[in-house]
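Report on one structure; see the data block that follows.
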Amino acid sequence: QVQVVESGGRSVQAGGSLRLSCVVSRYNWRSNCVGWFRQAPGKEREGVAAIDTGSSNTYYVDSVKGRFTISQDSVKNTVYLQMNSLKPEDTAMYYCAAEKYGGICGGRLPREYEFNTWGQGTQVTVSS
């Protein structure tokens, strides 16, 4: 079965940077979609970024465009989320998701229910 493990979350000052990693094991890297989501207390889980593993097309929620970058390393079976210029409102538990139903992202940022397998989450806390 596909396994997803996130890492890299920590506490950081506003304006700082973090890089989250998502290792996806036993996964068909070609022609698929991997996404990053986040959930803050009292809020719904929202999609942050996603990448088509075959074409490397990327998708972002408006609030992180220009600050976050999603990328992949197929050799390491890893998807990264580089987060720059972090803001307190970025504070959340960040989750990586794989095994999107239908394979590719589909030309848009996918929704939570479109993914079958999730990691345990990694906490990102941005202080002012």
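The basis for the numbers below is simple: all heavy atoms, side chains too, and nothing from hydrogens, waters or symmetry mates. Heads up: numbering here begins at 1 and tracks the sequence.
- The residue from Thr91, Leu20, Leu81 that alone fulfils the side chain to side chain contact (heavy atoms under 4.5 Å, CB included) condition with Val124 is Leu20.
- Here the closest heavy-atom approach between residue Tyr95 and residue Gly119 is recorded as CD2-O, 3.7 Å.
- One distance of note links CD of Glu46 with CG of Leu109; it measures 9.0 Å at 0.5 Å rounding.
- Between Thr122 and Ser7 there is no side-chain heavy-atom pair separated by less than 4.5 Å.
- By the ring-ring contact (aromatic ring centres under 6.0 Å, His included) test, Tyr94 pairs with no residue at all, sequence neighbours left out.
- Closest approach of Ala50 to Cys105, counting heavy atoms only: CB-SG, 3.9 Å.
- The distance from the CD atom of Gln123 to the CD atom of Glu6 is 12.0 Å, given to the nearest 0.5 Å.
- One distance of note links CD1 of Ile51 with OG of Ser56; it measures 4.5 Å at 0.5 Å rounding.
- Annotation: the span from Gln13 atom CD to Ser128 atom OG amounts to 7.5 Å, rounded to 0.5 Å.
- Counting only distance, with no hydrogens or angles, the side chain of Arg19 and the backbone of Gln82 share no donor-acceptor pair below 3.5 Å.
- No continuous path of hydrophobic side-chain contacts links Val4 to Trp118 [ILVMFWY only; heavy atoms under 4.5 Å].
- For Arg45, the salt bridge (Lys or Arg N to Asp or Glu O under 4.0 Å) partners at least two apart in sequence or on another chain are Glu112.
- Between the side chain of Asp52 and the main chain of Gly54, no donor-acceptor pair closer than 3.5 Å is present.
- Taking each heavy atom of Ala92 and Arg38 in turn, the nearest pair found is CB-CB, 3.7 Å.
- Remark: the backbone N or O of Thr69 is not paired with any side-chain donor or acceptor of Tyr80 at under 3.5 angstrom.
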**Request:** Show the numbers, then the answer: is there a side-chain contact (heavy atoms from CB on, under 4.5 Å) between Asp90 and Arg67?
**Result:** CA-CA 11 Å; Asp90 295 318; Arg67 298 189 299 121; 2.7 Å; yes
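- Follow the hydrophobic side-chain contacts under 4.5 Å out from Val23 and you never reach Val79; the two are in separate clusters.
- In this structure, OG on Ser63 lies 8.0 Å from NZ on Lys87, to the nearest 0.5 angstrom.
- Criterion: ILVMFWY side-chain heavy atoms under 4.5 Å apart, direct or through other members. Under it, Met93 and Ile70 are not part of a common hydrophobic cluster.
- For the ring-ring contact (aromatic ring centres under 6.0 Å, His included) with Phe115, the qualifying choice from Phe37, Trp36, Tyr101 is Phe37, the only one to do so.
- Put simply, the side chain of Cys33 does not reach to within 4.5 Å of the side chain of Ile104, judged on heavy atoms.
- No more than 12 heavy atoms of other residues, nucleotides or ligands shown are found within 6.0 angstrom of CD on Glu44.
- Judged by distance alone, the side chains of Glu99 and Thr117 do bring a donor and an acceptor atom under 3.5 Å apart.
- By the criterion of side-chain heavy atoms lying less than 4.5 angstrom apart, applied directly or through intervening Ile, Leu, Val, Met, Phe, Trp or Tyr residues, Val34 is grouped together with Val64 in one hydrophobic cluster.
- Nearest heavy-atom pair, Ser21 versus Thr78, reported as atom, atom and distance to 0.1 Å: CB-CG2, 4.2 Å.
- In the hydrophobic clustering of this structure, Met83 groups with Tyr59; members are Ile, Leu, Val, Met, Phe, Trp, Tyr whose side-chain heavy atoms approach within less than 4.5 Å, directly or through other members.
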